[in-house]
Amino acid sequence: MTLEEVQQQESPMENADRVLSAGAALEELLVAAKKQESLTVGVYESAKVMNVDPDSVAFCVLATDEEYEWDIALQIHFTLIQAFCFDNDINVVRVNDIERLADLVGADETGEPKDAHCILVTSPSADPWKHPALEQLALFCDESRSVCDWVPAITLPER
């Protein structure tokens, strides 16, 4: 079966449903990881975790919006993070609603929204936690890679 045949089999409506379902799973995962204190939020904070303990990273979310689309430094960071994730078999997705992500991950100690451009879901190597949403997102990423969509975009559900 060729790539074209696979893409023809999946209707645009099925693809939209898949993306929305993945969005709901991502929201569920982020809320659960926040309760477990298993989130790393911010580009630089994420890079530190990836450098020190890459085995603890279970999932990566990269977020941007129109305001940051042309930020070259941010795009370079994204490219490096994606490469690291690919090299270490970490699933990575993109989300275009940075404000919604910032709402999900919360504010810092001063009450300011956290830098939600990069969010890592971490799980200690010694005692990894499993979550059905993490498994659903892993399947979504596998399916996306099978049609050469290496960093799939996810749409978060409406509030």
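In this text the structure is predicted, and so the values were computed from the model without any measurement. Quick note: numbers below take in every heavy atom, side chains included, and nothing from hydrogens, waters or symmetry partners.
No side-chain donor-acceptor contact under 3.5 Å links Q36 and S123.
In this structure, the side-chain hydrogen bond (donor to acceptor under 3.5 Å, both in side chains) partners of S38, at least two apart in sequence or on a different chain, are W129. For Q75, the side chain to side chain contact (heavy atoms under 4.5 Å, CB included) partners at least two apart in sequence or on another chain are T64, F78, R94. With sequence neighbours excluded, the residues forming a side chain to side chain contact (heavy atoms under 4.5 Å, CB included) with A133 are A25, E28, L29, H131, listed by chain and number. Partners of D103 according to the salt bridge (charged side-chain N to carboxylate O under 4.0 Å, His left out) rule, which considers only residues two or more places apart in sequence or in another chain, are R159. Taking R145 as the reference, N91, D142 meet the side-chain hydrogen bond (donor to acceptor under 3.5 Å, both in side chains) condition, with sequence neighbours excluded.
No continuous path of hydrophobic side-chain contacts links I98 to L30 [ILVMFWY only; heavy atoms under 4.5 Å]. Note: the hydrophobic cluster containing L80 also contains I72 (ILVMFWY, side chain heavy atoms under 4.5 Å, direct or indirect links).
Atom SG of C118 is separated from atom CD of E45 by 9.5 Å, given to the nearest 0.5 angstrom. Atom CG of D53 and atom NZ of K48 lie 15.0 Å apart (nearest 0.5 Å). Summarising the geometry, atom CG belonging to N96 is positioned 9.5 Å from atom CG belonging to L156; distances are rounded to the nearest 0.5 Å. In this structure, the separation between CG on L26 and CZ on F59 is 6.0 Å, given to the nearest 0.5 Å.
Between L101 and A63, the closest heavy-atom pair is CD1-CB, 3.2 Å. When all heavy atoms are compared, the tightest approach of P54 to I90 is O-CD1, 4.2 Å. Taking both residues in full, the closest heavy atoms of Q136 and S21 are given as NE2-OG, 2.8 Å, listed atom of the first, atom of the second, then distance. Closest approach of C141 to P152, counting heavy atoms only: SG-CG, 4.3 Å.
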Distance-only criterion, 3.5 Å: show the donor-acceptor pairs between side-chain atoms of residues 81-88 and protein atoms not counting sequence neighbours.
residue, atom, partner, partner atom, Å
N88, ND2, F84, O, 2.9

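S56 has its side chain within reach of V49: a pair of non-hydrogen atoms, C-beta onward, lies under 4.5 Å apart. Looking at L104 and E27, their side chains come closer than 4.5 Å, going by heavy atoms from C-beta outward. Under the 4.5 Å side-chain criterion, counting only non-hydrogen atoms from C-beta, V93 is not in contact with L62. For the pair K34/V105, no side-chain contact is recorded, criterion being any heavy-atom separation below 4.5 Å from C-beta on.
With L39 as the partner, the side chain to side chain contact (heavy atoms under 4.5 Å, CB included) test is satisfied by one option alone out of L120, V121, V61: V121.
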- CA sep, side-chain torsions, deciding dist, call: V43, D115, side-chain contact (heavy atoms from CB on, under 4.5 Å): CA-CA 8 Å; V43 173; D115 170 24; 4.1 Å; yes
